[in-house]
2 protein chains.
Amino acid sequence: MPTPDNHTETAPACDGGGSAACEHISRTLARISDKWSMLVVRMLGRGPCRFNALRREIGEISQKVLASTLRDLEEHGFVSRTVTPVTPPQVEYALTDLGREFLDPVRTLAEWVMANSSRMEAARVAYAARRAGN
Amino acid sequence: MPTPDNHTETAPACDGGGSAACEHISRTLARISDKWSMLVVRMLGRGPCRFNALRREIGEISQKVLASTLRDLEEHGFVSRTVTPVTPPQVEYALTDLGREFLDPVRTLAEWVMANSSRMEAARVAYAARRAGN
DNA sequence: CAGTATCCCCAAAGATACTG
DNA sequence: CAGTATCTTTGGGGATACTG
């Protein structure tokens, strides 16, 4: 990152925020748009779930990656982790209020994507044709 | 990708879509949440811009990465590329209608992020404390 | 000016093994 | 069960050089 923290900027909001905001938003988007987070949040949206249950439902994720995905989501306050000290250990993951509220704007975006997927697909096809043609 | 395409699913929409939709949305989010796309879209939101002007404004991006970022955005129909065959060559990039409309839901999400950044920061601090304490 | 072509590097994904 | 530790692999980001 270069000269970041452009906090003094006036933030024209022509795009959803100033450049500092832009970085912040980009980071938040990155958090949910990595390979697994959406899927995990989706599973947890159905209700609390334990580590291996989650892993089984997702199917092909490695322990390491699921663990780090959950850690990231927990760090950002979207997911809670509750340990019940029994044997064998039991750990329940669930969406927090913040995580659940976060689903609102995500749903808005999701709806836009679904509504406009044909336009995006058309653009993709047109682009491919343009490339092939050239 | 493993056994994906759970197309037969009933899509409870508890999270913004079914699992096929989830993949689709995740991919779209990924497109704008990579290291540079938001910044590029932000610049173009202010008006059309040429390659090197864009590069200068962003500052520390490499040619290769800016080119591929623009190609991706063009492929997805968010950005248009207009070549004026003069010497030296002149290429103008601009947001398409689709790109501009896309900013709406993104702005919604951006506003949520800004409104809740303190909660997220608090979660981050609490998480760090928990880790340090343990 | 606006790129493509090449090579390098590193962070993150993945596989595997081990532990409280 | 729920992870961490370790090793390997991969591909995106970056620097540099070249071209229409």
Side-chain angles (χ1 to χ4, degrees), chain A residues 1-2 4 23 26-27 29-40 43-44 48-76 79-94 127 130-131 134, chain B residues 1-4 23 26-27 29-40 43-44 48-76 79-94 127 130-132 134:
Chain A
M1 301 286 141
E23 296 278 327
S26 190
R27 220 167 307 142
L29 284 174
R31 182 118 309 98
I32 58 153
S33 68
D34 70 4
K35 202 169 174 186
W36 301 112
S37 296
M38 279 280 276
L39 225 43
V40 169
M43 296 299 181
L44 293 179
C49 200
R50 293 173 59 181
F51 188 87
N52 278 315
L54 218 39
R55 202 185 162 198
R56 265 189 304 276
E57 283 199 79
I58 295 177
E60 73 302 350
I61 193 172
S62 70
Q63 284 180 317
K64 180 188 153 189
V65 174
L66 178 55
S68 87
T69 298
L70 287 168
R71 241 183 284 124
D72 284 351
L73 289 171
E74 189 195 354
E75 179 169 7
H76 282 74
V79 162
S80 67
R81 178 174 177 274
T82 312
V83 182
T84 310
V86 296
T87 47
Q90 187 171 324
V91 181
E92 278 236 326
Y93 290 93
Y127 179 84
R130 221 177 303 144
R131 289 250 137 186
N134 289 359
Chain B
M1 297 288 142
T3 57
E23 296 278 328
S26 191
R27 220 167 306 143
L29 284 175
R31 182 118 308 99
I32 58 155
S33 68
D34 70 5
K35 200 169 177 186
W36 301 111
S37 296
M38 278 281 276
L39 226 42
V40 170
M43 296 301 181
L44 293 180
C49 201
R50 292 172 60 182
F51 189 87
N52 278 317
L54 217 39
R55 202 185 163 197
R56 265 189 304 276
E57 283 200 80
I58 295 176
E60 73 303 348
I61 193 172
S62 70
Q63 284 179 318
K64 179 187 154 189
V65 174
L66 178 55
S68 87
T69 298
L70 287 168
R71 243 184 284 122
D72 284 351
L73 289 171
E74 190 195 353
E75 180 170 7
H76 282 73
V79 162
S80 66
R81 178 175 178 275
T82 311
V83 182
T84 309
V86 296
T87 48
Q90 185 170 325
V91 181
E92 278 236 328
Y93 291 93
Y127 178 84
R130 223 177 302 145
R131 289 250 137 185
N134 289 358

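So that the names make sense, note that chain A is the first sequence line, chain B the second, and so on, each numbered from 1.
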Between Glu74(A) and Arg131(B), is there a side-chain N and carboxylate O pair less than 4.0 Å apart?
no

Return no unless some side-chain N or O of Arg71(B) is found under 4.0 Å from OP1 or OP2 of dT4(C).
yes

Which is true for Arg81(A) with a 4.0 Å heavy-atom rule: it touches a base, it touches only sugar-phosphate, or it touches nothing?
sugar-phosphate

Under 4.0 Å, counting only non-hydrogen atoms across every strand here, what does Arg55(B) touch: a base, just sugar-phosphate, or nothing?
nothing

I want to check something: taking the side chain as every heavy atom from C-beta on, are Met43(B) and Val40(B) in contact at a cut-off of under 4.5 Å?
no

What I want to check is whether an N or O donor and acceptor connect the side chain of Gln63(B) with the base of dA5(C) at under 3.5 Å.
no

From C-beta outward on Val65(A), which listed nucleotide comes closest to its side chain: dG3(D), dG14(C), dT4(C)?
dG14(C)

Considering only heavy atoms from C-beta outward, does the side chain of Leu73(B) approach that of Leu44(B) to under 4.5 Å?
no

Which comes earlier along DNA chain C counting from the 5' end, the contact point of Asn52(B) or that of Lys64(B), where each point is its nearest nucleotide?
Asn52(B)

So which nucleotide from dA2(C), dG14(C), dA2(D) ends up closest to the side chain of Arg50(B)?
dA2(C)

Using modelled atom types and a 3.5 Å cut-off, is there a donor and acceptor pairing between side-chain atoms of Asp34(B) and backbone atoms of Ser37(B)?
yes

Would you tabulate the side-chain donor-acceptor contacts of residues 79-89 of chain B under 3.5 Å, counting partners in other chains and residues two or more places apart, or write 'none'?
unit_1: Ser80(B); atom_1: OG; unit_2: Ala94(B); atom_2: O; d: 3.4
unit_1: Arg81(B); atom_1: NE; unit_2: Tyr93(B); atom_2: OH; d: 3.3

Could you tell me whether the side chain of Glu92(A) reaches within less than 4.5 Å of the side chain of Pro48(A), counting heavy atoms only?
yes

Starting at CG of Leu66(A) and ending at C1' of dA2(D), how long is that distance when rounded to a whole Å?
10 Å

Across all chains, not counting sequence neighbours, the side-chain hydrogen bond (donor to acceptor under 3.5 Å, both in side chains) partners of Thr69(A) are none

Nearest whole angstrom, please: distance from the P of dA12(C) to the CH2 of Trp36(A).
17 Å

Please report how far the helix from dC1(C)-dG20(D) to dG20(C)-dC1(D) bends, comparing the axis fitted to its first five pairs with the axis fitted to its last five, to the nearest 10 degrees.
50°

May I have the distance from Glu60(A) (atom CD) to dA15(C) (atom P), rounded to whole angstrom?
10 Å

Using whole Å, what does the distance between atom C1' of nucleotide dT16(D) and atom CD1 of Ile61(B) come to?
16 Å

Quick one: on DNA chain D, does Tyr93(A) or Pro89(B) contact a more 5' nucleotide (nearest heavy atom)?
Tyr93(A)

Expressed as a whole number of angstroms, how long is the span from Asp72(A):CG to dA11(C):P?
16 Å

d(CG, Leu70(B); P, dG12(D)) in whole Å
17 Å

